[in-house]
> 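Can you keep this structure in mind? I'll have questions shortly.
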Amino acid sequence: MEELEQIAAEIRACTACILHRGRTLAVPGEGPADATIVFVGEAPGFHEDQQGRPFVGQAGQFLEELLASIGLRRDQVYITNIVKCRPPGNRDPLPDEIAACSPYLDRQLALIRPKLVVTLGRFSMAHFLPRARISEVHGQPQRVGGIICYPMYHPAAALHQPALRRTVEEDFRRIPEVLAKAEGVAEYQPPPQPEQLRLF
Ligand code: SF4
């Protein structure tokens, strides 16, 4: 879609926060313009920064395995991050960086109008559910600003923690069921503020 590519071009040229200084390539996101599911991670890592593509490292491989477990390929979903440029040394993104970058995500979601937004990790979750704790809400779909948000732990966090890995796998397996129930929810509007209704 032309408008999504327009946003991607703006992201590649963006200097709105300090992260532009250290990036090799910005990582706008990729996937079908009419994707039913959008996955939102935290920020690009080393490999993503090198290639300009989201989730291409180890966590990306795990994400692809998770997608395969529910019969999906990565080219059938849209994948992006809450922050589009790599923080130095893979540190956590800072609040002002998230504030500068998240309008791009809102614009992407407004165009794609997915049925389901799966947040991976606490930073993308906090954009939709600012007061939530991931340990309490992971795997529980919530209606926010006209979308269904499904918070999950970040696959990278689960890679070396067997217990968390099982949790991520279990939460992921529920996505088809959550998606089926999300059908019919109104189109996306940026989250004004938490009107968090537990759905199921
Ligand atoms: Fe712009 Fe986002 Fe990159 Fe900051 S992280 S420079 S706001 S695209």
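We count ligands from 1, going down the list as the structure has it; atoms in each ligand are counted the same way.
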> Relative to the ring of Tyr153, is the ring of His138 parallel (under 30°), tilted (30 to 60°) or perpendicular (over 60°)?
tilted
> Would you tell me whether Gln61 and Glu65 have side-chain atoms, one donor and one acceptor, within less than 3.5 Å of each other?
no
> Name the option, out of His20, Glu97, Arg12, Glu10, that contains the heavy atom nearest to atom 6 (S) of ligand 1.
His20
> Report the member of Cys85, Cys14, Ser102 with the shortest heavy-atom distance to atom 5 (S) of ligand 1.
Cys85
> Looking only at protein heavy atoms, which one is nearest to atom 4 (Fe) of ligand 1, and how far off is it?
Cys17 SG, 2.4 Å
> Could you tell me the separation between the CG atom of Leu116 and the CD1 atom of Ile37, rounded to the nearest 0.5 Å?
5.5 Å
> Go through the steps for Glu169 and Phe62 under the test side-chain contact (heavy atoms from CB on, under 4.5 Å), then give the verdict.
CA-CA 10 Å; Glu169 288 168 347; Phe62 184 34; 4.1 Å; yes
> Could you pull out the closest heavy-atom pair between Arg91 and Leu19, with the gap in Å?
NH2-CD2, 3.7 Å
> Can you name the atoms of ligand 1, numbered from 1 with element, that are less than 4.0 Å from a heavy atom of Cys101?
2 (Fe), 5 (S), 7 (S), 8 (S)
> With atoms numbered from 1 as shown, which atoms in ligand 1 lie under 4.0 angstrom from a non-hydrogen atom of Arg23?
3 (Fe), 6 (S)
